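Note that the structure is predicted; figures quoted are calculated from it, not measured. Any value given below was found using the heavy atoms of this structure, including those in side chains, with hydrogens, waters and symmetry copies removed. Just so it is clear: chains get the letters A, B, ... in the order the sequence lines come, proteins before strands, and each one is counted from 1.
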Number of protein chains: 2
Amino acid sequence: MAAPVRSVLPVVLLGCGGVGRHLLRHIVSCRPLHANQGVAIRVLGVADSSSLLVADDLHSNGFDDALLADLCAAKSAGSPLSSLLARGQCQLFNNTEARRKVIDTASVLGKTTGLVLVDCSATYDTVGMLKDAVDCGCCVVLANKKPLTCAYEDFEKLVSNFRRIRFESTVGASLPVIASVTRIIASGDPVSRIVGSLSGTLGYVMSELEDGKKFSEVVKTAKSLGYTEPDPRDDLSGMDVARKALILARLLGQQISMENINVESLYPSELGPDAMSTKDFLESGLVQLDKSIEERVKAASLKGNVLRYVCKIESTGCQVGLEELPKNSALGRLRGSDNVVEIYSRCYESAPLVIQGAGAGNDTTAAGVLADILDLQDLFHKTA
Amino acid sequence: MAAPVRSVLPVVLLGCGGVGRHLLRHIVSCRPLHANQGVAIRVLGVADSSSLLVADDLHSNGFDDALLADLCAAKSAGSPLSSLLARGQCQLFNNTEARRKVIDTASVLGKTTGLVLVDCSATYDTVGMLKDAVDCGCCVVLANKKPLTCAYEDFEKLVSNFRRIRFESTVGASLPVIASVTRIIASGDPVSRIVGSLSGTLGYVMSELEDGKKFSEVVKTAKSLGYTEPDPRDDLSGMDVARKALILARLLGQQISMENINVESLYPSELGPDAMSTKDFLESGLVQLDKSIEERVKAASLKGNVLRYVCKIESTGCQVGLEELPKNSALGRLRGSDNVVEIYSRCYESAPLVIQGAGAGNDTTAAGVLADILDLQDLFHKTA
């Protein structure tokens with residue numbers, strides 16, 4: 001028998017690509033577990049990049065599980081959200097109306113039962129909507145890094161009520177990095193330094209180089225294994241790692257922006273997307289990088305070190321790029337696509353707090369988002 | 001300028017030895033930080049093993065910071081809590097009245113503003129009080145392992161409203177082990193296995209043995225460094241690790257008790273506390289263990305393995321004892337007194353989620369307790 005419902009969490013999901021779809025599946029499959037804990041998640045709306053599907057009655061239980069399953073199936077098959085209209089229960093809004101409708105929903109529910117706006121998209125376009133939702137008293141859960149890495153004022157606005165936002169899955173997927181840093185700071189233990197390998201792709205590439213393989217070959221293998229973006233330069237530029245570094249730096253209280261982060265790209269601008277196509281880069285560009293990377297790997301090796309693509313956040317600055325590290329350090333030992341983060345503070349001064357594990361994957365990232373949603377449940381407590 | 005107060009957390013602390021004293025100091029030193037976040041912690045009562053000091057007015061701001069500082073100083077100097085009565089603001093209750101007074105306080109505050117009962121003692125005596133407090137709707141934060149490791153019914157009662165209890169510091173001090181396991185379970189990702197080295201003392205001893213040192217000498221060095229309990233057999237028995245294992249197993253839903261855990265003691269009963277004094281054990285008992293441990297270390301080494309004192313929680317059972325592990329595993333690489341925990345689940349299947357760092361120390365343990373208290377703040381939200 002399920003426990004009495006203590007918390008009802010109404011959710012609107014922005015982005016139903018890989019992570020969003022996995023989230024919806026997790027929500028459905030966890031219903032019995034959550035019911036046992038007295039928690040109910042109601043999906044009241046789902047948006048993709050072109051439209052928004054909203055439940056007819058915002059005070060209802062939201063989309064039923066059959067509709068959510070069909071929605072996941074439709075998105076997997078590349079069908080538009082409009083294909084679900086025939087199912088009833090919902091209305092469709094196009095892109096321009098969608099933002100207004102989300103804010104309407106937020107303001108209807110924000111001050112009464114509350115609403116959790118969950119962003120699993122990968123766009124900057126949601127930031128306005130998220131800020132409006134915060135103004136309405138809503139909660140926000142992000143897997144999308146971009147709203148936290150644009151203007152500092154936007155970040156400040158989003159975290160202005162820090163208990164109403166969660167963003168664990170923006171750094172290292174579901175690894176408890178944000179939660180741990182938040183706990184440490186809350187206990188008055190100042191975090192002095194965070195060092196990490198926060199790209200599974202670059203982690204894999206760097207550890208493979210140790211075996212004497214050529215950079216170009218390792219990158220191509222990584223691509224064939226599905227570890228890289230379609231254009232591997234999206235990983236090799238370091239920008240994704242830089243976004244994670246910026247989120248961590250801002251979490252530590254640094255009022256900085258992307259331009260304050262020293263980012264080392266693994267390719268020069270002559271080989272960049274403005275200069276050549278992905279195909280040309282893979283066929284002729286990549287191989288031009290082999291020699292210089294090989295020299296750096298060898299130079300490191302002579303000193304007993306290995307090369308890692310590292311993100312380093314200190315009070316003096318924030319850097320993202322290649323570093324020589326002792327083979328026997330937490331980062332030096334890293335193999336494959338695992339992420340690792342070292343956190344230094346008063347309590348973790350001589351030896352850091354180390355968190356290591358899978359830092360990517362739709363399933364894992366969605367699990368982190370779901371844990372974040374549930375972590376908000378005390379704000380949605382039924383007092384009756 | 002401080003933010004408006006959003007959450008007021010009234011606290012009664014049981015146990016003001018090392019961890020409790022550090023907690024009070026952290027609470028005082030964090031006041032400006034917490035005020036910025038709109039949080040206020042009010043210490044309404046502090047108990048040691050013989051008496052309880054309670055604020056005159058339960059609806060006041062509690063003990064002022066000067067009184068808390070004096071209280072820490074008095075306890076450091078070995079003075080009784082009664083020495084603080086002259087300061088005013090408070091009343092003293094002796095042991096037999098104390099429990100009733102805590103429950104009175106809990107029931108006065110439990111249903112209105114709420115109360116957090118924080119147990120930093122190391123006794124089984126608090127469990128009745130904690131259960132009564134839970135009945136009054138209070139929250140509970142534990143550094144004390146014992147209330148969670150006695151009868152299963154007691155555990156069940158204490159965690160019956162899982163959002164109102166926190167016990168991070170019972171396992172690995174402030175390391176985010178309980179929080180991580182809780183997050184993983186909440187996201188519907190079933191945890192299949194937890195493996196860890198959860199005793200800084202035994203971790204130190206085992207890693208030192210690799211260098212060919214004698215067991216008896218390593219234990220004596222550990223004692224002189226303050227790593228062991230006054231009687232090192234309290235560590236060598238494995239009972240402290242077994243308690244942590246039991247807490248983790250119960251967290252995973254296993255309805256087991258201490259007698260279901262397979263615990264390997266590092267000394268035989270002939271050398272136990274019933275058979276000889278601590279002095280005799282250190283002078284003549286300990287050395288009798290050298291040969292057999294040396295043989296096990298050597299046998300492991302021949303296979304490229306090292307010996308570790310490991311706690312292992314699986315669906316098939318729960319074990320605490322010596323294990324041979326690959327030198328190059330997370331546990332095998334462990335040096336010094338760090339703790340390490342590996343968590344296996346669907347999301348962390350091929351490679352576990354690994355958490356490593358200092359797992360002991362009053363400062364660190366108290367920081368974990370404080371983070372737990374703050375994690376309850378949404379239940380103490382001022383709705384006005």
Residue selection (most heavy-atom pairs with chain A, distance under 4.5 Å) from B:Val39, B:Val354, B:Val369: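 Top option by heavy-atom pairs under 4.5 Å: B:Val354.
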Max heavy-atom pair count under 4.5 Å with chain A, selected residue of B:Leu379, B:Leu370, B:Ile184: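 Between B:Leu379, B:Leu370, B:Ile184, the count favours B:Leu379.
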B:Ile355 side chain reached by A:Gln356 side chain, heavy atoms, under 4.5 Å: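 With C-beta onward as the side chain, the pair stays apart.
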Note, A:Asp372 side chain near B:Arg183 side chain (heavy atom, < 4.5 Å):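 Heavy-atom side-chain distance check passes, below 4.5 Å.
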Atom of [X], atom of [Y] and distance for their closest heavy-atom approach:
X        : Y        : answer
B:Asp375 : A:Arg163 : O-NH2, 3.4 Å
A:Pro176 : B:Leu353 : CD-CD1, 3.9 Å
B:His34  : A:Ala186 : NE2-O, 2.8 Å

Straight-line distance of A:Ile27 CD1 to B:Ser187 OG, nearest 0.5 Å: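 Going from CD1 on A:Ile27 over to OG on B:Ser187, the span is 11.5 Å.
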Residues forming a side chain to side chain contact (heavy atoms under 4.5 Å, CB included) with B:Val306, sequence neighbours excluded: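 Checked B:Val306 against side chain to side chain contact (heavy atoms under 4.5 Å, CB included); matches are B:Glu210, B:Arg308, B:Lys327.
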Is [X] in contact with chain A via its backbone, its side chain, both, or neither, using a 4.5 Å heavy-atom distance?
X        : value
B:Asp363 : both
B:Ala367 : both
B:Leu33  : side chain
B:Ser174 : both

Chain B-proximal positions within residues 339-350 of chain A [heavy-atom distance under 4.5 Å]: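 Against chain B, the residues of residues 339-350 of chain A that fall inside the cut-off (heavy atoms, under 4.5 Å) are A:Arg346, A:Cys347, A:Tyr348.
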Heavy-atom pairs under 4.5 Å with chain B, option from A:Pro352, A:Gly361, A:Ala358, A:Gly188 with the top count: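 Top option by heavy-atom pairs under 4.5 Å: A:Ala358.
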Verdict with supporting geometry, B:Asp378 and A:Gln377, side chain to side chain contact (heavy atoms under 4.5 Å, CB included): CA-CA 9 Å; B:Asp378 295 335; A:Gln377 66 182 270; over 6 Å; no
